[in-house]
Amino acid sequence: MSWKLIRVSSHRYDFHAPSGMLEYRPSQKHRIEKQNAFDPTFIHLREAYREDSFMLEAVLSPPDYGDLLHILTDSGSLYLEYESKQFPVTVKSLPACPDDLLQYPDIVKFTLESRYWDTPGTMDFSIFS
């Protein structure tokens, strides 16, 4: 499966598309969960939203590892492009930092989380110069 990270700031956008695996865990939640006053076994669910988790594994060389950390920790909005959708994501866990600057792991694992109301679409990057 191919995926791509996109960092959008006010004056530019950066792409990072490493090779690796992605595990997608979709989840639907509700902002309001309230018991019925007359029948407590019945729960009213309102204002549904999505809270999806993405567990990512990437095979990286040392320069790519630095690029990945830059994309994940830079300012601006972060998007994950997967299955022709661009999910707005936040970083839940960063890849483990290597102990020695001369030794980088081949495979890094990190987790992203996405919260949204409607189905995510795609961005038009032609608006950026």
Side-chain angles (χ1 to χ4, degrees):
M1 285 177 238
S2 64
W3 49 275
K4 182 189 312 183
L5 293 172
I6 305 165
R7 174 65 74 176
V8 179
S9 62
S10 60
H11 59 282
R12 67 180 218 187
Y13 58 94
D14 296 317
F15 294 100
H16 190 69
S19 60
M21 301 293 294
L22 181 141
E23 183 181 341
Y24 175 47
R25 292 187 185 166
S27 173
Q28 182 173 351
K29 296 190 175 185
H30 296 85
R31 198 169 80 80
I32 298 172
E33 296 182 9
K34 189 175 179 182
Q35 288 183 338
N36 187 304
F38 302 105
D39 184 5
T41 61
F42 184 73
I43 298 175
H44 298 279
L45 302 174
R46 292 190 180 96
E47 298 184 28
Y49 68 95
R50 306 288 303 184
E51 187 174 285
D52 301 341
S53 293
F54 299 93
M55 280 63 72
L56 300 148
E57 286 184 7
V59 179
L60 301 173
S61 65
D64 290 337
Y65 182 82
D67 292 342
L68 175 66
L69 284 181
H70 176 70
I71 290 280
L72 292 175
T73 58
D74 202 9
S75 63
S77 302
L78 183 62
Y79 294 90
L80 173 69
E81 186 174 291
Y82 171 65
E83 290 185 348
S84 69
K85 295 179 188 171
Q86 293 170 345
F87 295 90
V89 293
T90 56
V91 178
K92 192 170 181 182
S93 69
L94 287 169
C97 183
D99 293 335
D100 187 0
L101 292 178
L102 300 176
Q103 295 180 345
Y104 285 87
D106 291 337
I107 297 175
V108 295
K109 297 179 182 181
F110 56 101
T111 306
L112 303 175
E113 188 174 71
S114 179
R115 291 186 180 130
Y116 56 91
W117 295 97
D118 295 327
T119 303
T122 57
M123 294 180 60
D124 182 16
F125 290 105
S126 65
I127 61 172
F128 294 95
S129 59

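If you read the sequence from its start, that first residue is 1, and numbering goes on from there. Everything numeric here is computed off the predicted structure, so don't read it as measured data. All values below were derived from every heavy atom in this structure, side-chain atoms included, with hydrogens, water molecules and symmetry-related copies excluded.
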Ser93 side chain to Phe110 main-chain N or O, any donor-acceptor pair under 3.5 Å? no

Residues passing the side-chain contact (heavy atoms from CB on, under 4.5 Å) test with Phe38, sequence neighbours excluded, are Asn36

Is there side-chain contact between Leu72 and Leu78, with heavy atoms separated by less than 4.5 Å? yes

In Å and rounded to the nearest 0.5 Å, what is the OG to CD distance from Ser114 to Gln86? 11.5 Å

Would you list the pairs meeting salt bridge (charged side-chain N to carboxylate O under 4.0 Å, His left out) in which at least one residue belongs to residues 54-63, sequence neighbours left out? Glu57-Lys109

Just so I know, are the side chains of Ser9 and Asp74 near enough to count as touching, which here means a heavy-atom distance under 4.5 Å? no

Following the transitive rule for hydrophobic clusters with a side-chain heavy-atom cut-off under 4.5 Å over Ile, Leu, Val, Met, Phe, Trp and Tyr, establish whether Met55 and Val108 coincide in one cluster. no

Tell me every residue that passes salt bridge (Lys or Arg N to Asp or Glu O under 4.0 Å) with Asp52, counting only those two or more places apart in sequence or in another chain. Arg50

Side chain to side chain contact (heavy atoms under 4.5 Å, CB included) between Tyr79 and Leu5: does it pass, once the steps are laid out? CA-CA 6 Å; Tyr79 294 90; Leu5 293 172; over 6 Å; no

By side-chain contact (heavy atoms from CB on, under 4.5 Å) - contacts of Val59 (at least two apart): Ser19, Ile107

Answer yes or no: is there a side-chain heavy-atom contact under 4.5 Å between Leu56 and Met21? no

Does some side-chain heavy atom of Ser53 sit less than 4.5 Å from a side-chain heavy atom of Ser27? no

Between Pro88 and Tyr116, which heavy-atom pair has the shortest distance, and what is it? CG-CB, 4.5 Å

Minimum heavy-atom separation for Ala17 and Lys4, please, with both atom names. CB-CG, 4.0 Å

Partner residues of Ala48 under the side-chain contact (heavy atoms from CB on, under 4.5 Å) criterion, sequence neighbours left out: Gln28, His30

Contacts of type side-chain contact (heavy atoms from CB on, under 4.5 Å), residue Pro40, not counting sequence neighbours: Gln35

Leu112 side chain reached by Val91 side chain, heavy atoms, under 4.5 Å: yes

Check which hydrophobic residues are tied to Tyr49 through side-chain heavy-atom contacts below 4.5 Å, counting indirect links as well, and list them. Trp117

Which residue pairs pass the salt bridge (charged side-chain N to carboxylate O under 4.0 Å, His left out) test when at least one of the two sits in residues 13-22, sequence neighbours left out? Arg12-Asp14

Which ILVMFWY residues can you reach from Leu45 by hopping between side chains whose heavy atoms are under 4.5 Å apart? Ile43

If you compare all heavy atoms of Ile6 against all heavy atoms of Glu81, which two are closest, and at what distance to 0.1 Å? CD1-OE1, 3.8 Å

Would you say Trp3 and Leu69 are hydrophobically clustered, going by side-chain heavy atoms of ILVMFWY under 4.5 Å? yes

To the nearest 0.5 Å, tell me how far Asp67 CG sits from His16 NE2. 6.0 Å

Side-chain heavy-atom pair Leu94, Thr73 within 4.5 angstrom cut-off: yes

ring-ring contact (aromatic ring centres under 6.0 Å, His included) involving Phe54 - partner list, sequence neighbours excluded: Tyr24, Phe87

Considering residues at least two apart in sequence or located in another chain, which fulfil the salt bridge (Lys or Arg N to Asp or Glu O under 4.0 Å) criterion with Lys92? Glu113

Pair listing, salt bridge (charged side-chain N to carboxylate O under 4.0 Å, His left out) test, anchored in residues 18-29, at least two apart: Glu23-Arg25, Lys29-Glu51

